[in-house]
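Values below: every heavy atom of this structure, side chains too, minus hydrogens, waters and symmetry copies. Every chain is numbered from 1, with letters handed out A, B, ... down the list of sequences.
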Amino acid sequence: MKKILYIAMMSAVMAGCRKDVVVFPAEEEQKGEKQISEVTGFYLLNEGNMGSNKATLDYYDYATATYSRNIYAEANPDVPKELGDVGNDLKIYGGRLYAVINCSNKIEVMDAKTAKRIGQVDIPNCRYITFDGKYAYVTSYAGPVSLDASHAQIGYVARFDTATLAIDGQCLVGYQPDELAAVDGKLYVANSGGYMVPDYDHTVSVIDIASFTETKRIDVAKNLWRVRADGHGQLWVSSRGDYFDTAAKLYCIDTKTDAVVDSLDVAVSALDITGDSLYACATAWDYINYEEVVSYAIVDVRTRKVVTTNFITDGTETQIQKPYGIKVHPLTRDVFVTDAKNYVTPGMLHCYGQDGLLKWSVRTGDIPGEISFVYK
Amino acid sequence: MRRLLLYILLLLCAAVEAADAAYGDQKSEFRSQRSEVRDQQLDSILREFSIDEVEVTARRREEPVIPVQKLDGARLEGLSAQSVADAARYFSGVQLKDYGGVGGMKTIDVRSMGTHHVGVFYDGIEIGNAQNGTVDLGKFSMDNIEELALYNGQKSEIFQPAKDYGSAGTLYIKTRRPKFTDGKNYNLSVSMKAGTFGLANPSVLYEQKLAENIHLSASAEYTYAHGRYHFRYRRVLPNGDVAWDTTAVRQNGDVQALRAEVGLFGYLPEGKWHVKGYYYQSEKGIPGAIVNNVWKNSQRQWDRNAFVQGNYTQRVTKGYDVQVNAKYTNDYMRYLNPDTTLMYIDNCFTQQEVYVSMAHRLAVVGVKGLVTHKDVNWDVSLSADYQWNYLQANLANFVYPERSTVLAAAATQLYWKYLKMQASVLGTFIFDKIRQPTIAMPTAYKQRPQFTPAVFLSYQPILSEELFLRAYYKRIFRMPTFNDLYYTDVGNITLLPEYTTQYDGGVQYDKRWQEGACRAVSVKADGYFNQVKNKIVAIPKGNGQYRWQMMNLGYVEIRGVDVNASTTLDLTHEVLLSIGATYTYQKAQDFTDPNEITYGGQIAYIPWHSCSAMANLSWKGLSVNYAFIYVGERYHNSANIPANYEQPWYTHDMSVSYELKIKNAKCKMSECQRMYFAVEINNMFNQQYEVILNYPMPGINGKGIVRIMI
């Protein structure tokens with residue numbers, strides 16, 4: 001018996017010794033149809049649960065119809081601890097790919113063609129990024145903390161030069177600022193106040209880009225999150241509500257007058273505006289029935305009317321556990337919906353045609369969120 | 001502080017005088033012509049093979065229906081364990097969740113059913129945590145621990161509080177009881193441990209015989225560590241070249257803790273009593289996860305745990321015994337995040353618990369039963385417990401939950417020649433009360449009464465051989481904790497209890513010899529199948545970030561094998577070698593959702609293979625110990641994909657100790673002062689590993705111990 005035990009133990013030890021850990025190789029899968037157009041592919045940023053250091057980057061190549069999962073480490077094998085913890089935003093500007101890595105307190109700057117690292121910009125608790133001219137603007141929660149018992153912490157927008165990656169300015173805004181958009185020389189910043197429960201912020205800060213100072217606040221609604229411009233001088237701002245009495249809603253601001261002109265009963269977790277269509281997906285928590293209420297809406301930004309509350313027409317939305325990100329192909333109008341599942345297991349990316357039929361699905365990293373298209 | 005204690009220690013060294021601490025075990029069968037030291041060592045080693053301590057009221061030595069895994073005496077000392085968690089890793093079927101460092105949180109999981117299903121008992125009464133249901137074993141120092149015992153199912157005993165039936169697996173921590181030898185009426189032991197991570201750990205234990213039948217024990221301990229250690233991450237390219245190789249220092253892992261305990265032990269004709277006061281306070285840094293661009297964290301935690309507990313056991317009349325247990329606990333915890341790049345958090349929680357229990361046992365048939373019978377023993381028992389828990393916190397919308405729990409258990413035990421059996425049923429009734437918050441949180445949690453059974457069987461085919469075949473079935477649950485139910489915004493009051501069902505079959509063989517080289521052999525093997533139903537898991541909810549909701553979603557099946565083997569060899573020239581090994585195989589699969597990639601996957605952090613080994617070589621006062629732990633490959637998520645793969649890890653620990661007896665004219669009664677020296681080296685081969693993703697563990701580390709016993 002002891003001998004058997006010994007042999008079993010030794011074989012277990014032999015078979016299970018530690019080996020050198022090899023840099024993560026990317027995994028490839030064939031998905032969808034090959035397409036040749038101005039759009040050559042897209043990057044998808046997987047957030048990764050907080051503390052897991054599992055923010056990862058996936059890439060889909062249209063020329064070969066190949067989905068490559070977790071490409072960062074292979075493209076940058078010499079970066080310790082890879083891309084980082086909690087990937088919050090992803091954008092391409094001027095041939096460079098910018099990934100906002102929230103809990104790694106940095107913006108990772110990469111070449112948009114190769115995903116090779118160019119450098120990083122250190123901004124603590126950075127949230128979202130936008131661009132105007134030669135500058136990038138990043139929201140951060142990590143402003144000065146008030147000295148009173150509330151410990152309220154004002155947020156700011158940091159500005160850095162996209163050529164030198166040097167930070168050259170800060171502009172204080174509201175509490176816990178999230179998305180921001182640049183329209184006609186102005187930055188619009190959605191202040192959430194997410195650390196202030198239940199006293200959420202409810203304003204959009206307007207920053208004059210030239211002087212880089214906050215010029216006004218627009219009172220919108222509790223707990224703001226997304227802010228996107230359409231092609232008609234309008235700004236679409238989403239409110240998360242307070243998760244109890246105040247429901248999540250979508251607001252429209254006229255950028256000429258900086259006034260709220262409309263509000264729609266559309267909950268928004270993620271949105272994307274292409275042409276005159278605003279695509280939004282959301283999950284709202286129902287405290288009565290203890291379940292999620294999911295919606296996939298399209299809003300016509302000209303009429304400001306809801307076109308549909310479910311653009312998925314083949315019933316496959318039941319396969320989506322937690323819609324988390326949405327992006328529309330600028331040319332084909334294919335709609336990409338990400339599923340974050342339970343936040344700790346790998347998510348899914350679903351590609352829907354304009355007709356709302358599922359074309360293909362692929363496994364992603366943990367918590368797939370933002371998508372950014374690459375142009376030729 | 002440290003300097004002062006060292007000074008005291010030196011002073012004590014100079015004043016070495018008289019007598020010996022009572023290490024000998026009264027019930028030794030092996031005491032005789034052999035040398036004292038060896039006798040004691042043999043004794044403590046062989047206790048592993050012998051049965052539980054003879055109860056005052058026990059009628060005869062009985063093999064338990066379900067065997068226990070125990071660590072005590074020399075074997076426990078040889079493990080170089082700083083905390084209870086470090087020692088508990090050596091049990092088969094146990095997985096330790098270790099966040100690293102002296103102050104890092106350490107919890108155990110028995111047979112993969114989850115940390116919530118492990119009951120931890122300190123000197124006979126459970127350590128509760130109504131807030132989150134888990135006990136951090138890293139807080140319990142090994143300094144005054146005499147024995148650790150792990151039971152699968154429940155303690156094989158029917159004369160116990162109803163609570164002892166209430167967990168799927170149970171760890172009993174037993175502190176040292178005063179023992180006075182040969183006319184001595186006090187014992188004093190002073191020790192100092194110092195080592196890597198800036199560890200300074202002085203402690204003192206004093207025992208006094210107040211009267212012939214009342215003994216006092218008092219102990220205190222202070223632990224300080226700066227907690228810094230080097231860790232290294234390294235990646236290679238597919239061709240073997242180094243891709244990156246980073247070494248850093250673990251920061252914010254400092255800890256300082258104070259523990260003080262006072263106990264009174266009383267012995268009565270046909271009875272005994274025990275009262276204990278316990279106080280622990282600590283401040284520590286939470287080193288946190290190491291992620292890209294973040295190599296240091298600044299969160300801190302303060303704990304203060306205090307309890308008073310007592311036990312009174314009495315034979316009332318022939319065949320009828322009663323015991324009463326009671327406890328009051330007051331626990332305080334403060335968590336601070338001062339890091340301005342994150343949300344500022346300064347939360348305080350205070351928990352209180354009142355517990356009373358009464359247990360009755362009636363020996364219906366037996367040698368000393370109501371009906372006298374030579375071969376049959378039949379006992380029945382009834383116990384009833386009441387527990388009250390209350391949680392206060394400085395959180396917004398907090399509901400100040402209050403819970404009353406009534407537990408009632410009926411059990412019976414039948415021993416008949418070849419066959420032993422035990423059956424019990426536990427009834428659990430809970431009543432929650434909350435302060436209505438301003439927000440829409442409906443009402444207090446309601447749950448219908450739960451009745452859960454357990455059956456244990458043991459069969460001894462040949463009465464002269466200690467070969468036992470055994471089996472058990474147990475169904476038990478854990479109630480949702482206050483956090484599960486009421487944590488602001490996360491809690492869910494529609495939760496059901498989380499059930500576990502265990503089926504176990506096993507065999508055990510023990511053999512002991514009074515003479516010859518091989519003195520003892522013991523082999524145990526168990527196969528088991530467990531189910532965890534309605535597993536309470538956090539799922540993301542609603543429209544926003546990091547918002548979670550507790551749900552009864554999980555279903556897990558566990559198939560496993562535990563094997564334990566040990567032997568004691570009496571080599572020539574008074575050299576004793578004792579070897580023990582355990583092996584565990586577990587297939588713990590997530591069968592929650594057939595549509596998910598996780599379906600059928602091995603659950604997070606459970607290795608398929610794990611094992612431990614320990615060896616103790618002793619010669620007179622000298623002892624050399626070796627301990628090995630192996631945890632095989634795992635995944636940190638039940639999606640068993642390469643991105644979630646975790647490497648195996650294994651550590652080798654060595655220690656050498658020497659016990660010196662100082663002969664002195666004044667020490668008349670053969671017992672002398674003793675000094676104990678030990679040097680420990682842990683993780684000898686400096687393996688760089690993680691138990692939990694992004695929480696690097698220390699490499700090679702060491703410790704020195706000096707103890708004086710008067």
Contact leader toward chain B among A:N70, A:V293, A:L83, where contacts are heavy-atom pairs under 4.5 Å: A:L83

Contacting moiety of B:V236, where chain A heavy atoms sit under 4.5 Å: both

Ring centre gap for B:Y583 and B:Y585 strictly below 6.0 Å: no

Engaged part of A:Q153 at the chain B interface, taking heavy atoms whose separation is under 4.5 Å: side chain

Flag for B:Y645-B:E633: side-chain donor and acceptor within less than 3.5 Å: yes

Portion of A:N223 that has a non-hydrogen atom of chain B nearer than 4.5 angstrom: neither

When A:K106, A:E27, A:E74 are compared by non-hydrogen pairs under 4.5 Å with chain B, the top option: A:K106

Parallel, tilted or perpendicular: rings of B:F591 and B:Y555 (30°, 60°): tilted

Interface moiety of A:V21 toward chain B, non-hydrogen atoms closer than 4.5 Å: both

A:S192 side chain to A:D201 side chain, donor-acceptor N/O pair below 3.5 angstrom: no

Main-chain N/O of B:Y445 paired with B:Y486 side-chain donor or acceptor, under 3.5 Å: yes

Side-chain heavy-atom pair B:Y599, B:D590 within 4.5 angstrom cut-off: no

Under 4.5 Å from a heavy atom of chain B, the part of A:R69 involved: neither

A:Y195 portion near chain B, given a 4.5 angstrom heavy-atom threshold: both

Part of A:V79 within contact of chain B (heavy atom distance under 4.5 Å): both

